[in-house]
Each structure stands twice: as structure tokens, then as C-alpha cells.
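To keep things clear, I will list the structure first and then write my remarks on it.
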Amino acid sequence: MFTLSKTEIFRGKNFNAVHNRGRSFANHALVILVVHDERYNGKVGFAAGKKLGGAVIRNRVRRLMREAYRLNKNSLRHDCGIILIGRKSIVTAKFKDVEKAFVDLCKRAKILKP
RNA sequence: GCAGGCAGGAGAGGCAAUCGCGUGGAAUUUUUCUGCGAGGAAAGUCCGGACUCCACAGAGCAGCGUGCCGGGUAACGCCCGGUGAGAGUAAUCUUAAAGACAGUGUCACAGAAAAGAAAACCGCCGAAUUUUUCGGUAAGGAUGAAAAGGCAGGGCAAGAGCCUACCGGUUGUCAAGUAAUUGGCAAGCCUGAUAAACCUCACGCGGAGCAAGACUAAAUAGGAAAGGGUUGAAGUUGCUCGCUGACCUUUCGGGUAAGUCGCUGGACUUGAGCGGCAACGUUCAAGCAAGAUAAAUGAUUGCCACUAACAGAAUCCGGCUUAUUGACUGCCUGUCAAC
RNA sequence: UGGGGUAUAGCCAAGUCGGUUAAGGCACGGGACUUUGACUCCCGCAUCGUUGGUUCGAGUCCAGCUACCCCAG
């Protein structure tokens, strides 16, 4: 139930569509972009920009965001698409901080299951 | 013991449990089991190849690169050994190190003079005349980054390779060495620097790059108009040849921007023997060790270490360069103390 | 991933063959003029991205590094 295969991850055009049209919610560690659309069916995307650092740092940031999404995705609604973007302070953050930040943003975006 | 030099390996997390990712295999039919899963620099893209397409790659000019000698290599701007020069008490280290009598350019300011055997500002010497002039002179001063071999003696009116000894350089010759070069002898006394200025000489280099390239699907759809074209389109590097031999350019109107291969078994890794001073070569045995495509290594808990770096494969190899924590092993040099 | 380019004052920039105070404009700071401000005038403001090398001498030539920008399916 906690799996996250590559069929659930955005590719190409869909990613750009969500990135351009999504509503954004942000705190110190993360930005999330949300689009309410049945077609996306709970798909997700991750982004870590070049400003964060080199390849090692960006890999770590993406993995932390993947883990935060994977462990909490069952409590989210399925009729939307989400993109997570790392911000500067996530570089030094621990996993628990990232998870807390993600859940917090989901509450504000009202995409948690009722 | 202290100080220093060189070489080398290893480079911070490990084990167990639970959840999870990429890929190969097996079972089974959609769930299980299991193998493997980042680096010494994976980096910068600075060189060299392999591979693919353009004539399996051709000729000339232009252009670019390399530059002591010999060897290694698939190849190199890399590596090893040696020579010269420089630094260090030494071990050792550094070195784009061909040619400046083939030619051309540049050498600011200062200085008399900055390049072809030329030059007299002060000084020195001689002469005239009286405070200036003429002649000789590159030893001394002054200028400069650099002043026409250095230094000593003879010589001279004063001086000068004018003459002599030594040193340095050049040329010739003999010897050693595969060679760079080194050593001896002789000669004439000997014409700056810059080639990371143009250049000369020798050697090498065809162009693009896996987003190369090949194939399969899908898409009202192998669309339309104008112009050029077998009297040669287009490509082949910049030009000229040579070669291939039928499409090309612009505008308008539409779509796709999906998948498979290339994609990892190779100048491979490990061990032993042999040849070589070494780089490296060769023989035998064993082994197979990432292959993604919004892009795989993470999270939690426990124990042990530690607060310890730089950092993530994207076609693949050989180098170089740069980033980098705390130590370790071996050899060598100097110095101090003891024997 | 591959290919190509740029860096000179806070900003925009010139500097062709190496040569001795690195042009110029805007901005900024100080001064003069004015009762005050503006305008005008004068003065000031550069480790030439960085580290080495060649040279008597480097913004310029050569090599390494750093940052930024552009192009290719």
C-alpha cells in the first residue's frame, strides 16, 4: 500500500501543465502545486532546482520528498495532481521536518481525505 | 627523537529488522522468491582513441596542434628512463628545453648610443688658443631591464683582443654514447634580448558527434503555392579539385514530439609465472561486477564506531587538471643524543 | 549529455600590433554657486573574474580554475 512506482510519476507535458496551472502553497521547506482534475488520478512530480546545490544534494532532496509523499499518499484525495518543489532550507532538514512540512501544506490545500 | 622528501594502498560508515526503488532471472499468473545496484575523482570537458554517419576518408593550399633525446602505447599534449639548465646542506624537486649568421618587426621613458663593426654627455690624453675649439680614446662615471665577452698582466700620449694567461662562448676535429650530450685538442680572438611577435624547420591532424545513427508505429495527411535544379540540387571543412548523383529554399496550413535498438563482455577485473632498470609487454588460471530516461541506493528503530571530507554513472575506454577529512605502511636524506 | 560564448567602477561600456596617469556616460560621495533645492562647474571612486607562467614590463600573449549566458532532440 505504500508503493510508489514510476507509473505514478508525471512525465513530459503533464508535468508542465500542472507546473503552469497549479495553485501553490508554500512554507520554509517546500512548495506544492495542486490541480484538481480527475484525469491526473493522484499523480505526483518532484523538482529540485539547481540553486539548491550539486547533484548529490539535489538527489537527497528529491528522495526526502519522495519518501514524505509515499508514506502519506493514502491519506490524500485521488482526484488531483501534485508537484513538490524543494526550497533552500530543505537542504539541511531531516526527514521528520520534511514530512511535517508536507502534511501541513496538504492541510492548507485541503487535499486530505475527509 | 625532531625536521624534510618520495612511493603506495584505503578513503566513513558497518551489522540486524521493517517499509520502499531500478534492473536481470525463476516460478506462477499478477503475486512471491532471488542475484546485482555509483567514484577516486563518476566532476571540468582540457587532450587522445574506440564506435556511428558523411566516398571505410582521397589530392593541394590555408588553418590548428606538438616541439631536448630514446622508449612504451590503440593513440596522446600522457607515462617511463636519460641529458642540459635552475632550486635545495642533502634526499629530491621544477623545467612549452628546436632555430635569433633565411628574412621581417619590436625594445617605451631615460640615455651620447638600443642594433648590423655604430656612437663622445662627463671624464682621460694630445694640440691649438685662452676658457673655448679641433683630434684621439669605449678603461672609469652617468642612464637603463639590457651597453657590444669577463678578469688580470703587458702595452700606450691616453686607450682598445692591440698582445698574453685563465674562464665563458663559437667553429672544426678526435673519442665515448642508439641519441640528446659529455670529455680532449686546435683555431681565429669571438655580432644583444624577444619566436607563450610574425616566421623557418621537423612531425602529426578530414568533418561532425550516442541529442551520432538505425528501425517500428501513430497522426484529417507521403499537404499546397512560388522560385531554383541532370546545361548538375544537395552533401562532402574555409577555398580549389575530385567523389556521390535528385532533390533543395521560402511562405501558408496542419500535426507529432511515442516506443525499440544503439546500451554495456571490455585496449575488462583478480592472482601467479616469464621478459624489461622502468613505463609496459606476454602466457596461464579464475571471474562477470549499474544500465536509468521527470532519470534507480532512501526512511524508521536497535547496537558498535564517529562527529570525518570532496562528492552521484547517462555510449564506452586511456590520460591530464581541479575538489578533498583524519590517519596508516614502506624506503630515503639532514640534524641532535647515546654506544 | 554535447557544442559555443562572455567577464574592465554600483550600472552601461572603449581599450586593434604588449609600453609606464585604463577613455567616456549615468549613478554615488565631497566642494563651489544659491536664502534653500534643481541646473551648471571642479574633485574623488578600478587587486581589469581569479591563480600561475612568458617578458625588462601584461587589461592585452599562454595555461589552469570560477561564475554567468546561449544553442542542439
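Nothing here was measured: the structure is a model prediction, and the numbers come from that model. Heavy atoms only: backbone and side chains are in, while hydrogens, waters and symmetry mates are out. A, B, ... follow the sequence lines: proteins, then strands. Residue 1 opens every chain.
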>> If the condition is side chain to side chain contact (heavy atoms under 4.5 Å, CB included), which residues does A:Asn59 pass it with, not counting sequence neighbours?
In response: A:Arg62, A:Arg63
>> Would the distance check show the side chain of A:Ser89 and the main-chain N or O of A:His28 forming a donor-acceptor pair, the cut-off being under 3.5 Å?
In response: yes
> What residues, two or more places apart in sequence or in another chain, satisfy side chain to side chain contact (heavy atoms under 4.5 Å, CB included) together with A:His36?
Replying inline: A:Val34, A:Arg77, A:Cys80, A:Ile111
>> Nearest whole Å is fine: how far is B:C19 P from A:Glu99 CD?
In response: 17 Å
>> In this structure, how many angstroms lie between the C1' atom of B:A294 and the CD1 atom of A:Ile82, rounded?
In response: 16 Å
> In whole Å, what is the span from the CZ atom of A:Phe46 to the P atom of B:A296?
Replying inline: 11 Å
>> Distance check, P atoms only: B:G103 and C:A7, in whole angstrom units.
In response: 41 Å
> Using purine N1 to pyrimidine N3 plus N6-O4 or O6-N4 for Watson-Crick, or N1-O2 and O6-N3 for G-U wobble, both under 3.5 Å, which nucleotide pairs with B:G204?
Replying inline: B:C64
>> Give the residues of residues 23-32 of chain A touching RNA chain B, defined as any heavy atom closer than 4.0 Å, sorted by residue number.
In response: none
> What distance, rounded to whole Å, do you find between the two C1' atoms, one in B:A214 and one in B:C263?
Replying inline: 14 Å
>> Against A:Leu105, only a single residue in A:Asn27, A:Ile82, A:Leu84 fulfils side chain to side chain contact (heavy atoms under 4.5 Å, CB included); can you say which?
In response: A:Asn27
> Can you list every pair that meets side-chain hydrogen bond (donor to acceptor under 3.5 Å, both in side chains) and has a residue in residues 91-104 of chain A, with sequence neighbours left out?
Replying inline: A:Asn72-A:Glu99
> Got a sec, which residues hit side chain to side chain contact (heavy atoms under 4.5 Å, CB included) with A:Leu64, two or more places apart in sequence or on another chain?
Replying inline: A:Arg60, A:Phe95, A:Val98
>> Say we look at B:C190 and B:C163: how far apart would their P atoms be, to the nearest angstrom?
In response: 8 Å
Just the table, please: protein N/O against nucleotides 298-302 of chain B N/O, every pair under 3.5 Å.
residue	atom	partner	partner atom	Å
B:G298	N2	A:Glu67	OE2	3.0
B:G298	N2	A:Arg70	NH2	3.2
B:A299	OP1	A:Arg60	NH1	3.1

>> Holding to side chain to side chain contact (heavy atoms under 4.5 Å, CB included), I want the full list of residues that pass it with A:Lys107, two or more places apart in sequence or in another chain.
In response: A:Val103, A:Leu112
> Testing A:Leu30, A:Ile57, A:Ile85 for side chain to side chain contact (heavy atoms under 4.5 Å, CB included) with A:Ile90, which one passes?
Replying inline: A:Leu30
> In whole angstrom, what separates A:Arg62's CZ from B:A292's C1'?
Replying inline: 12 Å
